[in-house]
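Since the structure is predicted, the reported quantities are computational estimates derived from the model, not experimental observations.
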Amino acid sequence: MATPPANGPQTTSVRREPFEPSGAGAAIERWTLRAGPYEASVLTLGATLHTLVAPDRDGRPAQVLLSTDRLADILGPARHYGTVVGRYANRIDRASITVDGEEHQLAPTGGGITLHGGPDGFAHRMWAAEEVPGGVRLTLHSPDGDQGFPGALDVTVDYTLDAGGELAIRYHAVTSAPTVVNLTNHAYVNLAGEGSGDVLGHLLTLDADGYTPADERQIPHGRIEPVAGTPFDFTTARPIGKSVHDGHPQLAGPGGYDHNWALRPRPADGGPAPAARLEDPVSGRTLEVLTTEPGIQVYTANKFQGAVTGASGVPYGPFAGIALETQHFPDSPHHPAFPSTVLRPGEEFRSTTVLRFGTTG
């Protein structure tokens, strides 16, 4: 059972500064949020959750996100670390969508798909930022036809932090024409601290009885299958590495987990509900993920090959972190049985995900 630090009459401090004091990074702002023993930093490039500091069971702080301050890496191999991805997080097959009978060709990213909104998706944009109570609000205008998507889209993302260890991410979007929207944050977590090794010993629990099997490109087949009796059963806590190399055909291609789980029904009141729980038995740090979204993509950094080195000085290899991406299902525009991602004029896209840190023991 997670035990967050006791809440006191503490407020969240918010500081704004250049990401780099000089050079190309000077145009990027870093917003640092502090509350009690917790600290988070957000970059205006990609609306990126860049760092997050949390204490272990003995009160010792550690930075628990895979992260780099090297701008060349942020623009290259680390281009999705902690970013907000959109317009459509995850994969869209055939790099096309059909909305109200009209087909729209999207900018492809390779392999016959459009990944994370296209080659120039939201992760690569400069967002405007302003302080809000307890955090920062980032704003982006995406014009009609951006990466092939119809309709002009106006997006806001709020990050707020409190002294109880909760980081809330709230998304809002409106459109000028019917379109599809699927937004998430792509942070990689290692609760032992970034650069401390792999996360295969972390215990993972998912509030999901089914997942969406995929082909060799990780495009779902369009059905939800039960997790019972498979390596995808995290209905009770189990080590991430327990079955990752057991030869299951769904794990062989990606070399680990890179799949969407269908979460149990969200509450009728529309508030965020439990989606995942992660625990590092060594440090005692825990992370509970709550969301309003119907799915969660779990990616265990299977393909990392040491191209990025964090502040620890350790290159990030396979399984250096885990991404818990709360979202709608991948490729849902091509699967009518999946929850719809269509957004129309006059409607509002709203989504909330809460990262709740604590400790055991």
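Considering only heavy atoms from C-beta on, L161 stays 4.5 Å or farther from E166 through its side chain. No side-chain heavy atom of E29 sits less than 4.5 Å from a side-chain heavy atom of E17. Counting heavy atoms from C-beta on, the side chains of T235 and L206 never come closer than 4.5 Å. Taking the side chain as every heavy atom from C-beta outward, L287 and R356 never approach each other to under 4.5 Å. Using a 4.5 Å cut-off on side-chain heavy atoms (C-beta onward), D158 and V136 make no contact. Between F338 and P333 there is no side-chain heavy-atom pair separated by less than 4.5 Å. Residues Y171 and T156 form no side-chain contact, since every pair of their non-hydrogen atoms from C-beta on lies 4.5 Å or further apart. With a 4.5 Å cut-off on side-chain heavy atoms, L183 and F349 count as touching.
We find the CG-CG distance between L33 and L49 to be 9.0 Å, quoted to the nearest 0.5 Å. Note that CG of L45 and CG of L75 are 6.0 Å apart. Values are rounded to the nearest 0.5 Å. With values rounded to the nearest 0.5 angstrom, I322 atom CD1 is found 6.5 Å from T300 atom OG1. Interatomic distance, CG of N182 versus CD of E325, reported as 10.0 Å (0.5 Å rounding). Remark: L200 CG to H245 NE2 distance equals 6.0 Å, nearest 0.5 Å. One distance of note links NE2 of H172 with OG1 of T139; it measures 11.0 Å at 0.5 Å rounding.
Under a 3.5 Å cut-off, the side chain of H328 and the backbone N or O of V181 do not form any donor-acceptor pair. At least one donor-acceptor pair closer than 3.5 Å links the side chain of H248 to the backbone N or O of Q250. A distance-only check finds no donor-acceptor pair linking the side chain of D331 to the backbone of P220 [under 3.5 Å]. The main-chain N or O of E194 is never found under 3.5 Å from a side-chain atom of Q63 such that the two would form a donor-acceptor pair. Of the possible donor and acceptor atoms, one in the side chain of S340 sits under 3.5 Å from a partner among the backbone N and O of V342. No donor-acceptor pair under 3.5 Å is formed between the side chain of T48 and the backbone N or O of H50. Judged by distance alone, with hydrogens and angles left aside, the side-chain atoms of T44 form no donor-acceptor pair with the main-chain N or O of A128 at under 3.5 Å. Judged by distance alone, the side chain of T359 and the main-chain N or O of G284 form no donor-acceptor pair under 3.5 Å. Checked by atom type and distance alone, the side chain of N90 never pairs as donor or acceptor with a backbone atom of P330 at under 3.5 Å. Between the side chain of D93 and the backbone N or O of I113, no donor-acceptor pair lies under 3.5 Å.
The residues R266 and D207 are annotated as salt-bridged, a charged nitrogen and a carboxylate oxygen being separated by less than 4.0 angstrom. A salt bridge between R285 and D280 is absent, with no side-chain N of the basic residue lying under 4.0 Å from a carboxylate O of the acidic one. Between R79 and D73 there is no salt bridge, since none of the side-chain N atoms of the basic residue sits less than 4.0 Å from a carboxylate O of the acidic one.
Across G36 and A163, no two heavy atoms sit closer than the pair N-CB, 3.9 Å. Closest non-hydrogen pair, P108 versus P119, comes out as O-CD, 3.6 Å. Closest approach of L138 to A129, counting heavy atoms only: CD2-CB, 4.2 Å. Closest approach of G295 and N260 over heavy atoms only: CA-OD1, 3.8 Å. The minimum heavy-atom distance linking N190 with S196 is given by the pair OD1-OG, 3.4 Å. Residues G151 and A177 share a closest heavy-atom pair of CA-CB, 3.7 Å.
When the side chains of ILVMFWY residues are joined at heavy-atom separations under 4.5 Å, either directly or via intervening members, F304 and I74 end up in two distinct hydrophobic clusters. Cluster membership check: F319 shares its hydrophobic cluster with L278, using side-chain heavy-atom separations under 4.5 Å among Ile, Leu, Val, Met, Phe, Trp and Tyr. Under a hydrophobic clustering in which Ile, Leu, Val, Met, Phe, Trp and Tyr are joined whenever their side-chain heavy atoms come within less than 4.5 Å, directly or via other members, L115 and Y88 fall into different clusters. Linking ILVMFWY residues whenever their side-chain heavy atoms come closer than 4.5 Å, directly or via other members, places V42 and L324 in the same cluster. Hydrophobic clustering, with ILVMFWY side chains joined whenever heavy atoms are under 4.5 angstrom apart, groups V189 together with V199.
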message: Does S142 form a side chain to side chain donor-acceptor pair (under 3.5 Å) with R87? I'd like the steps, not just the answer.
response: CA-CA 9 Å; S142 173; R87 285 187 192 189; 3.0 Å; yes
field: Trace of the side chain to side chain donor-acceptor pair (under 3.5 Å) decision for S41 with T32
entry: CA-CA 4 Å; S41 70; T32 302; 5.4 Å; no
query: What do the steps show when you test Y38 against D162 for side-chain contact (heavy atoms from CB on, under 4.5 Å), and what is the final call?
result: CA-CA 8 Å; Y38 299 94; D162 70 25; over 6 Å; no
query: Hey, mind stepping through H221 and D215 against side-chain contact (heavy atoms from CB on, under 4.5 Å) and telling me if it holds?
result: CA-CA 7 Å; H221 297 304; D215 65 17; 3.8 Å; yes
Pair E279-T286, side chain to side chain donor-acceptor pair (under 3.5 Å): steps then yes or no: CA-CA 4 Å; E279 176 187 340; T286 62; over 6 Å; no
- request: Determine, stepwise, if the pair T160 / L167 fulfils side-chain contact (heavy atoms from CB on, under 4.5 Å).
  value: CA-CA 6 Å; T160 57; L167 178 78; over 6 Å; no
field: Derivation of the side-chain contact (heavy atoms from CB on, under 4.5 Å) call for W31 and Y159
entry: CA-CA 10 Å; W31 290 70; Y159 291 97; over 6 Å; no
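Here side chain to side chain donor-acceptor pair (under 3.5 Å) pairs that include residues 98-108, with residues two or more places apart or in two chains, are D100-R344. Residue pairs meeting the salt bridge (Lys or Arg N to Asp or Glu O under 4.0 Å) criterion with at least one member in residues 118-135, sequence neighbours excluded: D120-R125, R125-D146.
Note on ring orientation: taking the six-membered ring where Trp is involved, the planes of H259 and F232 are perpendicular (angle over 60°, cut-offs 30° and 60°). Under the 30°/60° scheme for interplanar angles, the aromatic rings of W127 and F122 are found to stand perpendicular. Ring-plane geometry between Y316 and Y81 is classed as tilted, the angle between the planes lying from 30 to 60 degrees on a 0 to 90 degree scale.
Screening I296, L355, L263 for a side chain to side chain contact (heavy atoms under 4.5 Å, CB included) involving T291 leaves a single residue, L263.
Aromatic ring centroids of H116 and H186 lie under 6.0 Å apart.
Side-chain contact check for R94 and T114: no donor-acceptor pair (N or O, by modelled atom type) lies under 3.5 Å. Judged purely by distance below 3.5 Å, without hydrogens or angles, the side chains of Y211 and D233 never pair a donor atom with an acceptor atom.
Taking the ring axis of F234 as reference, the NZ or CZ atom of R238 stays within 45° of it and closer than 6.0 Å to the ring centre.
Taking D209 as the reference, R264 meet the salt bridge (charged side-chain N to carboxylate O under 4.0 Å, His left out) condition, with sequence neighbours excluded.
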